[in-house]
Amino acid sequence: MKSPDLAVHWGPLRLSNPLVLSSGTHGMGEDGPRLFPPEILGAIVSKTVTVDPREGNPPPRVAETPCGMLNSIGLPNPGIDAYERDVHPRLVSLGVPVIVSIAGFTRDEYRTLAARVDRLESVAGIEVNVSCPNVERGGMVAGASPGETLAVLEAVTGETDRAVVAKLTPNVTDIVEIGQAAMEGGARMLSVINTLVGMSVDVDRRCSNLGVMTGGLSGPAIHPVGLANLWKLAKATGAPVLGGGGVVSAEGALAYLIAGASAVGIGTATFVDPFAPVHILEGIADYLERHEFASVTEVIGSLAETQADLSFPEEAC
Ligand code: RRO
């Protein structure tokens, strides 16, 4: 039997496979792919870049939690000038579609960043990060408001024809209305989820395990939350949505695809297993062969929503 076709479309982007390396989990973007052949990835998302360089938050900036980790990194990055000069050429040289992640502290900064990224060569897309939990302005504060999300997306899409993806926060009551606002603002794709606000306490020292009290929770603990948000968003908006959060196995990635994700984000898993993308991709290919699917696209959105929809009703879910 022929090997299954792993290519997917995420909005206007054609990816050789559904695995997308999530922002912020590989230095500026290229640390992970140095360990394995980069072409095993469908795309890479850079660390989110701001107009000016940033040091980030005071340490400690990461803390392990049961089945996950907290980060309070605080958006450290070299700023758009250094990104353009030093980082982007290195990312592009990996030969994988590069999505540049941007965050502003005002709408004007988002506009500036969109114009700067628009003029770079070899940009597959622009991720508009309206979901960082570790900054006091912009980030999740903007992305928790449908009106501000709409305005930010309009500011960005007014400056570029590149494929714009809005990365959304799960720290909201109704992610669907935020996703709809982003699409109305001109986003072509959506991405869920950024990290969940969390905290952990060192009881002996009676202090937070992070330098700035709270941080963003990622890792397997958040997989069910990501999945529910992905499913709701994909179903309600019909938008091409990347699903991620807590993917550490082929089954975890397949769950997102089955629930309707066009592509799957991998991030925190690589802190435990730097080769996670290799193992997850192999596992997806094995699954497709085992279930005799010719293409990964056949499983996308194939979720049975009632027992009557099951192809094998006797195998109750
Ligand atoms: O840098 C961070 O603190 C950070 C960012 Br920009 C983000 O989008 N999500 C996150 O958990 N941390």
Side-chain angles (χ1 to χ4, degrees), residues 20-29 31 44-65 67-80 83 87 99-106 109-110 113 117 125-144 148-149 152 156 165-172 175 178 182 187 190-200 208-223 225-226 229 242-247 265-271:
V20 176
L21 211 51
S22 304
S23 177
T25 52
H26 313 87
M28 280 306 290
D31 286 3
I44 294 177
V45 187
S46 76
K47 170 69 183 162
T48 302
V49 64
T50 51
V51 173
D52 297 314
R54 285 175 56 87
E55 290 285 326
N57 285 330
R61 309 205 287 195
V62 290
E64 201 170 336
T65 59
C67 295
M69 65 172 268
L70 289 164
N71 86 81
S72 59
I73 307 292
L75 242 172
N77 78 94
I80 188 67
Y83 176 84
V87 181
I99 297 172
V100 184
S101 180
I102 59 170
F105 293 96
T106 61
E109 285 192 356
Y110 276 105
L113 287 161
V117 176
I126 301 179
E127 177 186 274
V128 180
N129 185 342
V130 279
S131 45
C132 175
N134 297 326
V135 287
E136 280 166 13
R137 291 175 302 124
M140 187 184 97
V141 183
E148 195 51 33
T149 300
V152 165
V156 168
V165 47
K167 177 135 187 202
L168 306 184
T169 175
N171 302 294
V172 292
I175 201 162
I178 308 286
L190 302 173
S191 170
V192 284
I193 54 174
N194 208 316
T195 51
L196 284 151
V197 174
M199 183 176 178
S200 77
S208 168
N209 282 314
L210 295 171
V212 292
M213 304 303 285
T214 64
L217 182 66
S218 61
I222 73 167
H223 185 268
V225 180
N229 278 289
L242 174 142
V247 173
I266 313 281
T268 303
T270 58
F271 294 154

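All ligand and atom numbering here is 1-based and tracks the order in the structure. Atom set for the values below is all heavy atoms of this structure, side chains included, hydrogens, waters and symmetry mates excluded. Worth saying up front: this structure is predicted, and the values here are computed from it rather than measured.
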Ranked by distance from atom 11 (O) of ligand 1, the top protein heavy atom is Thr195 OG1, 2.7 Å
No-hydrogen, no-angle side-chain donor-acceptor test under 3.5 Å, Asn129 and Thr48: yes
Just to confirm my output: which protein heavy-atom neighbour is closest to atom 9 (N) of ligand 1, and how far is it? Asn194 OD1, 2.8 Å
What is the closest protein heavy atom to atom 5 (C) of ligand 1, and at what distance does it sit? Cys132 SG, 3.4 Å
Between Gly74, Gly139, Ser22, flag the one that comes closest to atom 3 (O) of ligand 1 by a heavy atom. Gly74
Taking 4.0 Å as the limit for heavy-atom contacts, which would you say applies to Asn57 with ligand 1: side chain only, backbone only, both, or neither? neither
Test side-chain contact (heavy atoms from CB on, under 4.5 Å), reference Ile80, set Thr50, Val100, Val117, output is Val117
Could you check atom 12 (N) of ligand 1 against the protein and tell me its nearest heavy-atom contact, residue, atom and distance included? Asn71 OD1, 3.0 Å
With sequence neighbours excluded, residues passing salt bridge (charged side-chain N to carboxylate O under 4.0 Å, His left out) with Glu109: none
Ser131 near ligand 1, heavy-atom distance under 4.0 Å? no
Which atom pairs, donor and acceptor, lie under 3.5 Å between side-chain atoms of residues 133-144 and protein residues at least two apart or in another chain?
unit_1: Asn134; atom_1: ND2; unit_2: Asn71; atom_2: O; d: 3.1
unit_1: Asn134; atom_1: ND2; unit_2: Asn71; atom_2: OD1; d: 3.0

Which of these passes side-chain hydrogen bond (donor to acceptor under 3.5 Å, both in side chains) with Ser131: Thr169, Asn171, Asn194? Asn194
Mind checking whether Lys47 has a heavy atom under 4.0 Å from ligand 1? yes
Give yes or no for whether the N/O distance cutoff of 3.5 Å, strictly under, is met between Pro133 and ligand 1. no
Below the 3.5 angstrom mark, is there an N/O of Leu75, backbone or side chain, next to an N/O of ligand 1? yes
Quick check on side-chain contact (heavy atoms from CB on, under 4.5 Å): which of Ile175, Asn229, Val128, Ile193 does Leu168 satisfy it with? Ile175
Out of Leu190, Val20, Ile99, Val165, which residue meets the side-chain contact (heavy atoms from CB on, under 4.5 Å) rule with Leu242? Val20
